[in-house]
Every structure is written in structure tokens, then in C-alpha cells.
Amino acid sequence: MAVAIETPFHVLAVDDSLPDRKLIERLLKTSSFQVTTVDSGSKALEFLGLHGHEDSPISVQADQQEAAVNLIITDYCMPGMTGYDLLKKIKESSYLRDIPVVIMSSENIPSRINRCLEEGADEFFLKPVRLSDMSKLKPHILKSRCKEQYQQEQHLQSNSESSNSSNPTNENSSSTCSNSHKRKANDDEILPHATRPKHS
């Protein structure tokens, strides 16, 4: 029987500057993350399976399974689509919004930082990013993983409920079956107590 090996967390790093991309890639790899780097927001969306204004569940889910991105770290100032624009696109997508997003910027502008955090960014790093910053990423990934697992459970539950409702006889028989099990369990619990008064 194969033993499940825990795969490293996969981070998508987005930065138009090659030296900055190389630095963040090195820091992430040193911190045992799997890294994919792209040089623009549009390429990041393409990698995540979100093309233009499409929010198609099929293409995104297929790509997500392939890519399995656990966190996105993006530069704020980029030509074309800024890090803030990318953040908004991700948070507007029902299929990507739970992926944690970290914004990086070389400028310490409080209004910019607040705007990103209000829009749903999980963290804001000032450049140059340091190795100590990497330790702040894991809690966000773990939090999103827990949320993801919970949503998958809810999804499976709603699927099983909808398949049962499409077949009413199955639903009735399964509920009768579960009720009879419950009744039996209750009888087993109640019986010893119920027989005592008769002996007294």
C-alpha cells in the first residue's frame, strides 16, 4: 500500500522584475515551498485558469487540480495589470477567492496597504522581501486549506442530498433505514433503564 507523501505548498510568484522574481523564488525554495514564477498579472490568471472575464468552473477546476496553487504572492507595481487589479480579479472569482494573496511593494504607502488588505489581501510585504517574511506565509495557507476541506465536505454533502432528492424512494428508504438504526440504538440505550422499574 502506497504511503501518502505530503507535497510542498505551491506558491505562485508574480513580479515583472526579473531580479525580484529570482529573489522571491530563492527565498520560497529555501523555505521548502514549490514555486512557479510569472512576470505579469494576466499570465498569473492564465496559469490559474481564469482567462479574461471568464469564470468557468470547468477550465478553472481542471487547471487548479493540475497547478494546485496554495498561495499567490504578487508585486503591487506592474505594467498593465497591477497587483491590486490581480487581487481584485482573484477575489471576484468564486473558484479562486479562497487562495491567500500576499502583496509586495517597495513603497511604504499606508493608504495602498490598507486598500489591498480591505480588498482581501492576507499580508503586505515591503521590498526587499526577507527570509523571515516567508514564515508568515504558512499560516495563511493552512487556514485556506482548512476552509477548502470544509467547503469540499459541504459540497459532497449537498451533492449527496441533491442525488437523494432526485430519487425520492431512495431518500425515504435511506431516512427510514437511518431512523430504524437510530430507534434501535435508542432502544438499546433505554431498555436497561426501562426494565428496572418493572423489577422494583
Side-chain angles (χ1 to χ4, degrees), residues 7-29 31 33-131 133-148 151:
T7 54
F9 293 129
H10 185 189
V11 177
L12 175 63
V14 191
D15 202 317
D16 61 307
S17 157
L18 181 62
D20 285 350
R21 260 200 327 278
K22 291 285 181 196
L23 171 66
I24 192 75
E25 184 177 9
R26 196 175 75 242
L27 292 174
L28 286 164
K29 283 183 174 173
S31 305
F33 289 103
Q34 182 190 334
V35 193
T36 298
T37 58
V38 290
D39 61 6
S40 70
S42 55
K43 281 185 186 171
L45 289 177
E46 208 173 294
F47 181 80
L48 292 161
L50 192 67
H51 306 283
H53 296 290
E54 292 171 25
D55 191 2
S56 115
I58 298 157
S59 68
V60 173
Q61 282 180 344
D63 275 321
Q64 267 194 313
Q65 280 165 7
E66 227 174 276
V69 171
N70 304 112
L71 183 136
I72 297 156
I73 184 162
T74 177
D75 184 28
Y76 182 91
C77 288
M78 293 187 291
M81 187 184 289
T82 66
Y84 179 71
D85 295 332
L86 175 62
L87 169 70
K88 280 175 73 175
K89 288 265 185 202
I90 289 162
K91 296 304 171 184
E92 281 165 9
S93 164
S94 54
Y95 304 100
L96 302 175
R97 68 161 72 107
D98 290 328
I99 300 174
V101 180
V102 173
I103 307 280
M104 308 175 286
S105 178
S106 52
E107 297 168 298
N108 187 0
I109 303 169
S111 59
R112 176 185 290 180
I113 295 168
N114 291 335
R115 193 164 65 134
C116 289
L117 295 172
E118 279 166 17
E119 199 59 51
D122 291 81
E123 198 81 53
F124 197 103
F125 290 161
L126 283 173
K127 286 182 171 184
V129 178
R130 291 175 295 277
L131 189 59
D133 292 323
M134 298 299 104
S135 61
K136 298 173 190 172
L137 301 179
K138 218 160 257 187
H140 295 302
I141 295 173
L142 293 170
K143 189 175 74 178
S144 78
R145 276 242 170 133
C146 292
K147 197 189 283 186
E148 198 180 287
Q151 282 172 347

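Sequence positions, counted from 1, serve as the residue numbers for this chain.
Partners of Arg21 according to the salt bridge (Lys or Arg N to Asp or Glu O under 4.0 Å) rule, which considers only residues two or more places apart in sequence or in another chain, do not exist here. Residues passing the salt bridge (Lys or Arg N to Asp or Glu O under 4.0 Å) test with Glu25 are Lys29, sequence neighbours excluded. Remark: Lys138 pairs with no residue by the salt bridge (Lys or Arg N to Asp or Glu O under 4.0 Å) rule, at least two apart or across chains. Scanning for side chain to side chain contact (heavy atoms under 4.5 Å, CB included) contacts around Ser106 gives Lys127, with sequence neighbours left out. With sequence neighbours excluded, the residues satisfying salt bridge (Lys or Arg N to Asp or Glu O under 4.0 Å) with Glu107 are Arg112.
Here the SG-CG distance, from Cys146 to Asp98, works out to 12.0 Å after rounding to the nearest 0.5 Å. Rounding to the nearest 0.5 angstrom, the gap separating the CG atom in Leu12 from the CD atom in Gln34 is 11.0 Å. We find the OG-NZ distance between Ser31 and Lys136 to be 12.5 Å, quoted to the nearest 0.5 Å. The distance from the CZ atom of Arg130 to the CG atom of Leu23 is 11.0 Å, given to the nearest 0.5 Å. In this structure, Ile90 CD1 and Leu50 CG are separated by 8.5 Å, a value rounded to the nearest 0.5 Å.
The backbone N or O of Tyr95 lies less than 3.5 Å from a partner atom in the side chain of Ser93, making a donor-acceptor pair. Not one N or O on the side chain of Asp39 forms a donor-acceptor pair closer than 3.5 Å with the backbone of Asp15. The backbone N or O of Ile141 lies less than 3.5 Å from a partner atom in the side chain of Ser144, making a donor-acceptor pair.
Looking at Thr37, Leu71, Leu137 one by one, the single match for side chain to side chain contact (heavy atoms under 4.5 Å, CB included) with Leu28 turns out to be Leu137.
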Requested in this report: Before giving the answer on side chain to side chain contact (heavy atoms under 4.5 Å, CB included), spell out for Lys143 and Asp122 the whole-Å C-alpha distance, their side-chain angles and the decisive distance to 0.1 Å.
Outcome: CA-CA 11 Å; Lys143 189 175 74 178; Asp122 291 81; 4.1 Å; yes
Query - Check against side chain to side chain contact (heavy atoms under 4.5 Å, CB included), Phe125 and Val102 - result: CA-CA 7 Å; Phe125 290 161; Val102 173; 3.7 Å; yes
Query - Worked check of side chain to side chain contact (heavy atoms under 4.5 Å, CB included) between Asp133 and Leu27 - result: CA-CA 9 Å; Asp133 292 323; Leu27 292 174; over 6 Å; no
Query - Derivation of the side chain to side chain contact (heavy atoms under 4.5 Å, CB included) call for Thr74 and Ile103 - result: CA-CA 5 Å; Thr74 177; Ile103 307 280; 3.7 Å; yes
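Nearest heavy atoms, Gly41 versus Val14: N-CG1, 4.0 Å. Nearest approach of Asn70 to Pro8, heavy atoms of both residues: OD1-O, 4.4 Å. Nearest heavy-atom pair, Gly120 versus Lys91, reported as atom, atom and distance to 0.1 Å: O-CE, 3.4 Å.
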If you look only at distance, which donor and acceptor atoms sit under 3.5 Å apart when one is on a side chain in residues 80-88 and the other is two or more places apart or in another chain?
unit_1	atom_1	unit_2	atom_2	d
Thr82	OG1	Tyr84	N	3.4
Thr82	OG1	Asp85	N	3.1
Thr82	OG1	Asp85	OD2	3.1
Tyr84	OH	Glu119	OE1	3.3
Asp85	OD2	Thr82	N	3.2

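Ring planes of Phe47 and His10: perpendicular class, angle over 60° (limits at 30 and 60°).
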